[in-house]
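Taking it in order: structure first as structure tokens, then the write-up.
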2 protein chains.
Amino acid sequence: MKVFVIGTGNLGSHLCRAIEAVSRVVDVAFAKAKLKQPQSQIFLKGYYNHSGYDLEDLKATRIDDLALLPEYDLVIIATPDDLIATISNSIQTNAVVVHTSGSVPMDVLSIHSNHGVLYFPQSFSKTRDVDFSEIPICIEYATTIAQERIEAVANTLSQKRHYLDSNQRKQLHLAAVFTNNFVNHCYTIAQQLLNEQQLDATLLEPLMKETLRKAIDLSPVDAQTGPARRGDHQTITAHLELLNSTQKEVYKSITQSILNTYGN
Amino acid sequence: MKVFVIGTGNLGSHLCRAIEAVSRVVDVAFAKAKLKQPQSQIFLKGYYNHSGYDLEDLKATRIDDLALLPEYDLVIIATPDDLIATISNSIQTNAVVVHTSGSVPMDVLSIHSNHGVLYFPQSFSKTRDVDFSEIPICIEYATTIAQERIEAVANTLSQKRHYLDSNQRKQLHLAAVFTNNFVNHCYTIAQQLLNEQQLDATLLEPLMKETLRKAIDLSPVDAQTGPARRGDHQTITAHLELLNSTQKEVYKSITQSILNTYGN
């Protein structure tokens, strides 16, 4: 089963490496056992990127012209969201075509009779190692052929498979914005506050870690503490006086949401 | 050095246990070495709580009447913030008196000539184990005598000591609200969104962990990603349509703060 990846950014580059790593391991195992590999064996046959640079650690071939795509079994579009439809419409292939976006519906790929989605709710960076076996894989498919090929790739990467339709995936992606983007920005504001008073940036690291552990152990709704949780309006007022106008709006909206959640 | 703890809630109960555990270890060590213990040796001599219940795993005595306080060397007030001044004013002692609050200024204790603060920027729960050696201890003191006794206790608990005045501590406490209370509420909203679509509550745990690791490794300001970071107003608009009015206000204020931070 020949896989082609379009886009070698934060996610695409890691996907290429993970698929090639899996097939290398399997190659070695079959060679040792002196067995012929089954046709279902997955390997990365090629990749494309807009800027035309090689991923030099890979054996797979870079293809520069998507119009010249040879026959693959699965094409994974791992580009930014706003390019997916255009790229999908520009390639001619009999392969199963999937994208990897949280917020783009599956049916933007409907020009291809067999299509689907492989979504990883994780934050990827080129410079950080990824262990796909730790990451849930969210799958959607339009046909049985798409299902078989998507599951074959998913199975090689992780045992954590979930079947989500486009609406569920969109909602998960939004939840991921709160979990990643907004949590990280709360950390950023905390750092701004420490910096203003020349306080050591690492002072709150033990609290960052305990906050995460406690939310996972107890569930976040049960782990909530603080002035808004206990309806302590005196402390809330004192805190607002220490913040600049942008920080104040963040403080007020989250505080109001906590007050609403717990009926304070 | 005889220590007395007032308040055995989330922090106070752990403090009692930690101080008693340290003195037990030292007792055994001196006994083994057949040495007389130095007078500076710290031990928990007694504690008080409002509801009059024993911490049964402790050797220290519970005292029910703060007016009958015998002579101690250090009294730690670990009660809720709004009780600190009243309790401080109601006890007569020659001891060094400290409180453990992030947001209450040191000088509410000024009726006692030797006073100070021992603040731990961490989230404590009665049911969760605490390793004080991992937690920074923030110290403030009014006199040299207060300094000596506070440092003596701090040294037995952790090597991570920081000297903060009341303004710095108040700012640190506010930063801790963003780091703990507000981060946790972002997790809560994410869970609400997953629940609405009957999605598995654990789907975002790998992302929660990676978000923390990345913020610590890169610094949160450099780790920021997402629609607001890249100025993607189309995705922001689509997200707002999926949220209820309270969630929408949180989304808008944090998004605006990210847009301001990165000049988008």
Side-chain angles (χ1 to χ4, degrees), chain A residues 103 121-123 134-136 162 167-168 171-172 174-191 193-194 196-197 199-200 203-212 214-216 220-221 223-226 228 235 238-239 242 246 249-250 253-254 256-258 260-261, chain B residues 103 121-123 128 134-136 162 168 171-172 174-191 193-194 196-197 199-200 203-212 214-216 220-221 223-226 228 235 238-239 242 246 249-250 253-254 256-258 260-261:
Chain A
S103 49
Q122 182 54 291
S123 167
E134 290 295 314
I135 304 172
H162 299 262
N167 276 330
Q168 289 177 312
Q171 184 95 342
L172 173 61
L174 176 56
V177 166
F178 279 87
T179 301
N180 173 272
N181 304 162
F182 290 0
V183 162
N184 186 72
H185 192 63
C186 288
Y187 296 151
T188 298
I189 294 177
Q191 285 293 326
L193 295 170
L194 296 186
E196 277 173 22
Q197 288 279 350
L199 291 167
D200 186 332
L203 261 171
L204 290 174
E205 281 182 13
L207 182 59
M208 292 163 78
K209 292 177 185 168
E210 175 65 2
T211 301
L212 172 67
K214 208 165 153 178
I216 288 179
V221 75
Q224 189 66 51
T225 58
T235 300
H239 279 165
L242 298 171
T246 305
E249 291 308 311
V250 174
S253 68
I254 304 182
Q256 190 57 53
S257 182
I258 297 174
N260 293 354
T261 302
Chain B
S103 47
Q122 182 55 292
S123 168
R128 295 176 65 79
E134 290 295 314
I135 304 173
H162 299 262
Q168 289 176 312
Q171 185 96 340
L172 173 60
L174 176 55
V177 166
F178 280 87
T179 301
N180 173 273
N181 306 163
F182 290 179
V183 161
N184 186 72
H185 191 64
C186 289
Y187 295 152
T188 298
I189 294 178
Q191 285 292 327
L193 296 170
L194 296 186
E196 277 173 24
Q197 288 279 350
L199 291 167
D200 186 332
L203 261 171
L204 291 174
E205 281 182 13
L207 182 59
M208 293 163 78
K209 292 176 185 169
E210 174 66 3
T211 301
L212 171 67
K214 208 165 154 178
I216 289 179
V221 76
Q224 190 66 52
T225 57
T235 300
H239 279 165
L242 297 172
T246 304
E249 291 308 310
V250 174
S253 68
I254 303 182
Q256 190 57 52
S257 182
I258 298 173
N260 293 354
T261 302

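In what follows, chains carry the letters A, B, and so on, assigned in the order in which the sequence lines appear, proteins first and then strands, with residues in each chain numbered from 1.
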From CA spacing to verdict: side-chain contact (heavy atoms from CB on, under 4.5 Å), Val183(B), Phe182(A):
CA-CA 8 Å; Val183(B) 161; Phe182(A) 290 0; over 6 Å; no
Salt-bridge contact Arg128(B)-Glu210(A) (side-chain N to carboxylate O under 4.0 Å):
yes
Would you mind telling me which of Ile216(B), Thr235(B), Val221(B) has the largest number of heavy-atom pairs within less than 4.5 Å of chain A?
Ile216(B)
Kindly compute the distance separating CE (Met208(B)) from OG (Ser123(A)), expressed to the nearest 0.5 Å.
14.5 Å
For Pro220(A) versus Tyr187(B), what's the shortest heavy-atom pair and its separation?
CB-CB, 3.7 Å
How long is the span from the CD1 atom in Ile189(A) to the CD1 atom in Ile254(B), to the nearest 0.5 Å?
7.5 Å
Counting N and O atoms only, with roles assigned by atom type, does the side chain of Glu249(B) sit under 3.5 Å from a partner on the main chain of Ser253(A), one being a donor and the other an acceptor?
no
Could you measure the distance from the CD atom of Gln122(A) to the CG atom of Leu203(B)? Nearest 0.5 Å is fine.
12.0 Å
NE2-CD distance between His239(B) and Gln171(A), expressed to the nearest 0.5 angstrom:
9.5 Å
Heaviest contributor of heavy-atom pairs below 4.5 Å to chain A, chosen from Ile135(B), Asn260(B), Leu199(B), is Leu199(B)
Below 4.5 Å from any heavy atom of chain A, which atoms of Val177(B) appear? Answer side chain, backbone, both or neither.
side chain
Quick one about Asn180(A) and Thr211(B) (side-chain donor to acceptor, distance below 3.5 Å, no hydrogens or angles considered), yes or no?
yes
Distance col, row Leu193(B):CG vs Leu172(A):CG, nearest 0.5 angstrom, shows 9.5 Å
In terms of heavy-atom pairs under 4.5 Å, which option from Thr225(A), Leu174(A), Asp200(A), Leu242(A) contacts chain B the most?
Leu174(A)
Most contacts with chain B, counted as non-hydrogen pairs under 4.5 angstrom, among Gly226(A), Pro206(A), Ala215(A), Ala228(A)
Pro206(A)
For the interface with chain A, which of His162(B), Gln191(B), Gln256(B) has the highest count of heavy-atom pairs at distances below 4.5 Å?
His162(B)
Name the region of Glu134(B), side chain, backbone, both or neither, that has any atom closer than 4.5 Å to a heavy atom of chain A.
backbone
Interatomic spacing from OG1 in Thr179(B) to CG in Leu194(A) - rounded to 0.5 Å
7.0 Å
Assert top hit (heavy-atom pairs under 4.5 Å, partner chain A, pool Thr246(B), Thr261(B), Val250(B)) equals Val250(B)
Taking ring pair (Phe, Tyr, Trp, His ring centres under 6.0 Å) as the definition, give me every residue that meets it alongside His185(B), ordered by chain and number, with sequence neighbours left out.
none
Closest approach of Leu207(B) to Ala176(A) (non-hydrogen atoms, all atoms of both residues)
CD2-CB, 3.5 Å
